Amino acid sequence: MERFSDLLKGKFAFGCMRMQLDANGEVDLCNFREMVDRYLAAGFNYFDTAHVYYEGKSEIALREGLTSRYPRERYVLTNKLTSSCFEKEEDILPLFQTQLDACGVDYFDFYLIHSVLEGNYQKYTDCHAFEIVQELKKQGKVKHVGMSFHDSPEFLDRVLTEHPELEVVQIQYNYLDLDDPNVQSQGCMDVLKKHDKPALVMEPIKGGGLVFLPDAALERLEAAHDGSPAEIALRFVAEQDRVVMILSGMNNVAQMEENIAFMKDPKPLSEEAHRAIGEVREMIRALKLVACTGCRYCTDGCPMQINIPGVFRCINDGIKFPNRPTNHYGWVTKNGGKASDCIECGQCEDICPQHLPIRELLKQAAKRYES
Ligand code: SF4
Ligand code: SF4
């Protein structure tokens with residue numbers, strides 16, 4: 001892990017998957033530039049993007065807000081090779097060059113094989129993706145190679161055994177998913193320990209799910225007197241010794257300022273906060289929420305243009321806040337298909353990193369909101 005210590009400043013990353021958009025659906029560059037300036041001024045330096053984030057707009061925002069405004073040595077930039085962005089081996093190098101150009105750089109500090117799971121591993125293997133990124137590393141166009149991962153500990157063990165050259169692995173890790181059967185964060189972390197790999201952590205607040213909590217859970221965390229829900233969730237991850245970077249998908253300056261305040265020097269949580277986390281975990285599990293993180297990987301390929309994460313947010317808000325007027329189903333489906341428009345093609349389930357039974361959940365939503 002020491003290998004990265006000179007490169008990475010702090011453990012707090014600027015994730016560019018969830019960005020503030022303006023009324024036209026474009027990244028709000030004014031807001032983004034201000035966030036970039038504040039983040040760098042606070043002494044951090046790690047930015048994370050992928051070609052699929054906002055259909056390429058995240059990369060371009062990074063060029064406009066970061067790479068064209070700061071010298072290359074001021075920041076560390078991670079990009080990813082996503083299986084849905086190429087069909088065959090010959091597509092990979094042109095895609096990589098497109099990513100460099102979009103970001104306005106001539107190398108990436110980290111390049112990750114994106115969202116590896118059993119469903120796409122064969123494609124990455126058949127297209128020699130692992131060999132190609134090693135070649136890019138030899139050419140200096142990539143400084144470090146790794147993968148982001150969304151499957152079981154057993155499968156992670158297999159991939160790392162077959163690809164010991166991967167230097168770092170990005171996994172989902174937060175206090176709710178430690179032993180969640182679909183995520184198994186702790187099991188994955190244990191496999192990283194076995195293979196002596198550092199961890200980049202995504203979804204530390206589970207797509208906002210550990211911030212927008214039901215009242216009882218919120219009250220329990222407040223009673224621990226050890227910070228806001230976001231702070232407690234992020235410091236919980238920061239305590240894990242294998243973690244070298246925690247990605248936070250902030251989309252406004254206020255969120256960034258709040259996070260900077262405690263992530264500059266994240267303190268260990270108190271025993272009382274750990275007790276509260278344990279209780280809150282049980283409270284949230286009892287609600288049986290849809291475990292959607294809002295990543296939107298499923299939406300691009302949906303032929304019926306269903307706002308899948310929006311529909312799931314309606315379901316979850318209805319469970320978490322039964323006494324609040326949260327029925328915004330009409331609003332989230334106004335620019336696309338409704339849950340009942342699903343033709344059950346299954347594309348979304350192949351790509352969902354949380355392995356959700358999307359078709360079945362949409363049927364339930366249609367019954368609930370459209371009948
Ligand atoms: S299964 Fe339904 S929701 Fe999923 S991609 Fe196909 S049409 Fe869209
Ligand atoms: S349903 Fe799955 S792929 Fe779609 S936004 Fe939620 S977690 Fe992401």
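One-based numbering, in listed order, for ligands and for the atoms of each. Numbers here simply count residues along the sequence, with the first being 1. Bear in mind that the values here come from a model prediction, so they are computed numbers and not experimental data.
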Enumerated ligand 1 atoms positioned under 4.0 Å from heavy atoms of [X]:
X: Ile343; answer: 2 (Fe), 7 (S)
X: Gly346; answer: 1 (S), 6 (Fe)
X: Ile308; answer: 3 (S)
X: Glu344; answer: 1 (S), 2 (Fe)

For this session: Taking both backbone and side-chain atoms into account, decide whether Cys302 has an N/O/S atom under 2.8 Å from atom 8 (Fe) of ligand 1.
Result: yes

Considering only non-hydrogen protein atoms, determine which one is nearest to [atom] and report residue, atom name and distance to 0.1 Å.
atom: atom 6 (Fe) of ligand 2; result: Cys292 SG, 2.4 Å
atom: atom 2 (Fe) of ligand 2; result: Cys352 SG, 2.4 Å
atom: atom 4 (Fe) of ligand 1; result: Cys348 SG, 2.2 Å
atom: atom 8 (Fe) of ligand 2; result: Cys295 SG, 2.3 Å
atom: atom 5 (S) of ligand 1; result: Cys345 SG, 3.5 Å

Problem set entry | Atom indices of ligand 2 within 4.0 angstrom of Thr293 heavy atoms, with elements | 7 (S)

Seminar exercise, completed: For Gln354, the atoms of ligand 2 under 4.0 Å from one of its heavy atoms are 7 (S)

Exercise. Hey, quick one: are Ile358 and Val311 part of the same hydrophobic cluster, counting side-chain heavy atoms closer than 4.5 Å, chains of contacts allowed?
Worked result: yes

Exercise. Are Val145 and Phe47 in one and the same hydrophobic cluster, where Ile, Leu, Val, Met, Phe, Trp and Tyr link if side-chain heavy atoms are under 4.5 Å apart?
Worked result: yes

Quick one: do [X] and [Y] make a salt bridge, cutoff under 4.0 Å?
X: Asp91; Y: Lys88; result: yes
X: Glu279; Y: Arg275; result: no
X: Asp37; Y: Arg69; result: yes
X: Asp180; Y: Arg281; result: no

Exercise. Would you say the ring centroid of His163 lies under 6.0 angstrom from that of Tyr124?
Worked result: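 Aromatic pair excluded; centres sit 6.0 Å or further apart.
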
For this session: Flag the pair Phe14 / Tyr75 as yes when their ring centroid distance falls below 6.0 Å, and as no otherwise.
Result: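 No, the ring of Phe14 stays outside the 6.0 Å limit from the ring of Tyr75, centre to centre.
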
For this session: For ligand 2, indicate whether the residue Arg296 contacts it via side chain, backbone, both or neither (heavy-atom separation under 4.0 Å).
Result: backbone

For this session: For ligand 2, indicate whether the residue Ile358 contacts it via side chain, backbone, both or neither (heavy-atom separation under 4.0 Å).
Result: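 Near ligand 2, Ile358 shows its side chain, while the N, CA, C and O stay back.
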
Exercise. Got more than 12 heavy atoms from elsewhere within 6.0 Å of CD, Glu135?
Worked result: yes

Exercise. Of all the heavy atoms in Gly207, does at least one lie under 4.0 Å from an atom in ligand 2?
Worked result: no

For this session: Flag Cys342 as yes if one of its N/O/S atoms falls below 2.8 Å of atom 6 (Fe) of ligand 1, otherwise no.
Result: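 So Cys342 does not count as coordinating atom 6 (Fe) of ligand 1.
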
Problem set entry | Beyond-backbone contact of Leu8 with Phe110, side-chain heavy atoms, under 4.5 angstrom |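 A side-chain contact under 4.5 Å exists here.
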
Exercise. Would one find an N, O or S atom of Cys298, in either backbone or side chain, under 2.8 Å from atom 4 (Fe) of ligand 2?
Worked result: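 Yes, Cys298 qualifies, because one of its backbone or side-chain N, O or S atoms lies under 2.8 Å.
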
For this session: Classify the contact between Leu362 and ligand 1 as side chain, backbone, both or neither, using a heavy-atom distance cut-off of under 4.0 Å.
Result: side chain

Exercise. With a 4.0 Å heavy-atom cut-off (strictly under), which part of Arg359 contacts ligand 1: side chain, backbone, both or neither?
Worked result: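 Near ligand 1, Arg359 shows its side chain, while the N, CA, C and O stay back.
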
Problem set entry | Among Ile351, Val52, Asn120, the one residue meeting side chain to side chain contact (heavy atoms under 4.5 Å, CB included) with Ser83 |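 Among Ile351, Val52, Asn120, the one meeting side chain to side chain contact (heavy atoms under 4.5 Å, CB included) with Ser83 is Asn120.
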
